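The structure under discussion appears below in the form of structure tokens.
A quick note: this is a predicted structure, and the numbers were derived from the prediction, not measured. First the proteins, then the strands, lettered A, B, ... as listed; each starts at 1.
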Amino acid sequence: MLSQRATPRPPSRVPWWTIGLFLAPTLVFLLVFTYLPIGYALLEGWPHLKEVLRSPDTLRAARITLLYTFVVVPSTVLLGLVSALLVEGTTRVKLFSRAVLFHPVILPMVAFASMWLYFLNPTSGPLTLGLSALLGRRVSPLTDVDLTLYTVAAVAVLKDFGLYMLFFLAGLQSIPRQLYEAALVDGAGAWVRFTRITLPLLGPTLFFVGVFATMTALRNVDHIWILTPQGGVTGEAEVFLFHIYMVGFFYYNLPKASALSILFFFLFTLIALISIPRIEKGIYYAD
Amino acid sequence: MTRGISRRQFLKALALAHAGVGLGGLRGLQARPQPVRLDFFYPVGVAGPLARIIEQYVREFNEQHPNILVTPIFGGTYAENQTKVVAAVKAGDPPDTAILLSVDLFTMLGLEAIEPFDSLLEGDPEGQAMLADFFPAFMANSTFDGKVWSIPFQRSTPIMYYNKEAFREVGLDPERPPETWDELLAFGKKLAKAGRRGVQIPEETWGIWMLEGLTIQAGGMLWDPAGRGCVVKLNTEETATAIRFLMRLKEEGVSPPDLTRWRTTPNDFATGAVAIAYHSTGSLGFIRRNARFAFGTAFQAKKVRFGVPTGGANFYLFKGQAPAKREATWTFIKWMTTPEMAARWSIDSGYVATRRSAWELPRMRDYVAEVPQAVTARDQLEYAKPELSTYNRPEVHVAVERAMADAILKRKPVPQALADGQQRIEEILAPFCA
């Protein structure tokens, strides 16, 4: 088996400066826009870590982020799964629906959010007006303080679930047909087939999508920026990253923003370290 | 394919073209000295095609001053523009001048970003005459420690807009707007009906500006102008009175039950969804173009006295500017603020013409004859107070509005919301003021 693989060219034959030359364009940008800022943030932020930990604003931002994530992740994953089950197949209607559902994924988030900004405009948005007429009182999903967070969450869900649908479609393709046939012979109904075959075998996909969706939810702020001027009328949608931006570039407090970034990085890593092995335990990998 | 030019011919032509451009540039260099290049950052704070108007002004300035070349750089909203300016200053490459909120004097001082105009004003009688010609109310936020830190440009005050046809419809005299808070409430009750609110006073985005006005009208002040950028007085009886009045308007069904929006209010008024609105005089242009009914403007109503804060933005100078550029920058700022330009900018935008002599110009007289609503903001200046200006102003601003929202949305009792907000503000100011 091994002998069939092409042996890689030993690295010693390539002069170091060639390697450097080819790496340079990427390296320069990484250095200037990633590595140096990380170093800067560590130096600037470290002394302010305690202050930031004690700040009620930090706690508030963390709470909002958690709520946002708990709303967005399950809805995106569920919607992705359901739509994948619905559009699996090759009929023309299914192919067309697939394209429609996937479409938001290829749009830039800023464009997608701007479109919703029009629909949700507090005075003239068709959605706002329609909803208000339906309920018989003035409702503005974007600016009513109790609704803002859920509205921006919904926009994020609509933007992203198409991508997960694609992953689930790929996952569904990889499930062997014989299993379903055997189940049919045994007289298993649709629900049993789904819970006993589809869902367990989608495990790896589900896991991957779940982790990916969580990361996206924690990182996405573009649409919040477009849809709400300051994270909501009174900051209801000021998720952690948004809070860091506000502190750094609206209040011009870069040291504090750096400290928040460090905190965010550690929390992020901690969540990953604790949750990923635990979730992965319950997953069945074929092969 | 043979009819097309060959690759070699094409490259030759390209090279020649480049050489031509290069030589042309050289010739231009010989003909006259290189102009002083200036970068000028500006924001647009209200609706409308104002960026186009600013670019036009700069084009005219450049045509009239062959030895200066100003590059206008549109920075977005006030906040976005200021972020760009601060980033440029921190990076050691400050703009030559920028338009920033007059109330961000201390914010910019805290960032060690700006320089005063005094060295330029010294021995410049023309410049000193200019300062004396500005309405004193507009200069109030510009001076600190005996120095002049900014030159007024796009200035405003909040005013009252009222729908004369709605007044007539409910039997009110359309030439007699409400003068007191009690009247505002009573008139508002009469005017409110299905599909129309009585009164709208914005409570977010620039809600702080409205709160300042109401506090002044109640006999207080939201901050201490003599406090060196360190004193905010949110937790006072007058501020509580102001907030309770806003809540009363809601309880009586005169104002919308949720927080009143800053951005949508001009549109709500222009479409007749509300009969009386408080907003910036800068929205006059928008309302004039869009309202299909006769409307009036008036002073904001008084509790114990008339009064509003001033508002708007000024020209600033930045640290680290090359000395050769400073004179040219001064020439540009003076040109942009002449009485003629002040009148033009006022007519084009709706902002108040900043110089007293501007109002004597034929152009301005004609405008006032056509749009009598435009004089309200100017006359109200007599009762105006300087707008809240502190260190770290953007964060203080957010803290005040969140305290307001806590009270108005009844998340906390009024005194509790104000006390908490006050404590928050003290924390924000501490690094600069302790």
Under 3.5 Å side-chain donor-acceptor pair for T260(B) and Q200(B): no
S132(A) versus R137(A), side-chain donor and acceptor atoms under 3.5 Å: no
Best-contacting candidate, [options], against chain A by heavy atom pairs under 4.5 angstrom:
options: R263(B), E80(B), E427(B); result: R263(B)
options: R393(B), M404(B), R261(B), E401(B); result: R261(B)
options: H397(B), R402(B), E204(B), K90(B); result: R402(B)

Check the pair I224(A), D222(A) against side-chain contact (heavy atoms from CB on, under 4.5 Å), reporting the backbone distance first and the verdict last. CA-CA 5 Å; I224(A) 304 184; D222(A) 325 27; over 6 Å; no
Can you tell which part of [X] gets under 4.5 Å to a heavy atom of chain A, answering side chain, backbone, both or neither?
X: V398(B); value: side chain
X: D268(B); value: side chain
X: R424(B); value: side chain

Hey, does the side chain of [X] reach the backbone of [Y] with a donor-acceptor pair shorter than 3.5 angstrom?
X: T18(A); Y: V14(A); result: no
X: T128(A); Y: S140(A); result: no
X: W206(B); Y: W262(B); result: no
X: T239(B); Y: N235(B); result: no
X: S255(B); Y: V199(B); result: yes
X: T76(A); Y: V157(A); result: no

Please evaluate residues F161(A) and L78(A) with respect to the criterion side-chain contact (heavy atoms from CB on, under 4.5 Å), reporting the C-alpha separation (whole Å), side-chain torsions for both, the decisive distance (0.1 Å), and the verdict. CA-CA 8 Å; F161(A) 84 91; L78(A) 203 69; over 6 Å; no
Heavy-atom nearest pair, A270(B) first then F286(B), reads CB-CE2, 4.4 Å
With ring-ring contact (aromatic ring centres under 6.0 Å, His included) as the criterion, how do Y316(B) and W149(B) come out once you've worked through the C-alpha distance, each side chain's angles and the decisive distance to 0.1 Å? CA-CA 7 Å; Y316(B) 283 82; W149(B) 294 90; 8.9 Å; no
Chain A neighbours within residues 409-422 of chain B, where any heavy atom lies under 4.5 Å away: L409(B), R411(B)
Give me the contact list for residues 99-112 of chain B versus chain A, heavy atoms only, anything under 4.5 Å, ordered by residue number. T107(B), L111(B)
Is the number of heavy atoms from other residues, nucleotides or ligands under 6.0 Å of Y150(A) OH greater than 12? no
Would you mind reporting whether [Y] and [X] have side-chain heavy atoms less than 4.5 Å apart?
X: F102(A); Y: L163(A); answer: yes
X: D144(A); Y: D258(B); answer: yes
X: V89(B); Y: K319(B); answer: no

Do the rings of H223(A) and Y68(A) sit parallel, tilted or perpendicular, given the 30° and 60° boundaries? tilted
Is the F293(B) ring parallel, tilted or perpendicular to the F269(B) ring (thresholds 30°, 60°)? perpendicular
Non-hydrogen contacts under 4.5 angstrom with chain B: give the residues of residues 56-64 of chain A involved, or none if there are none. D57(A), R60(A)
Does anything in residues 35-49 of chain A get under 4.5 Å of chain B by heavy atoms, and if so which residues? none
The reported gap from CG in L191(B) to NZ in K189(B) (rounded to nearest 0.5 angstrom) is 12.5 Å
V247(A) versus chain B, heavy atoms under 4.5 Å apart: side chain, backbone, both or neither? neither
Are K250(B) and E203(B) within salt-bridge range, i.e. N to O under 4.0 Å? yes
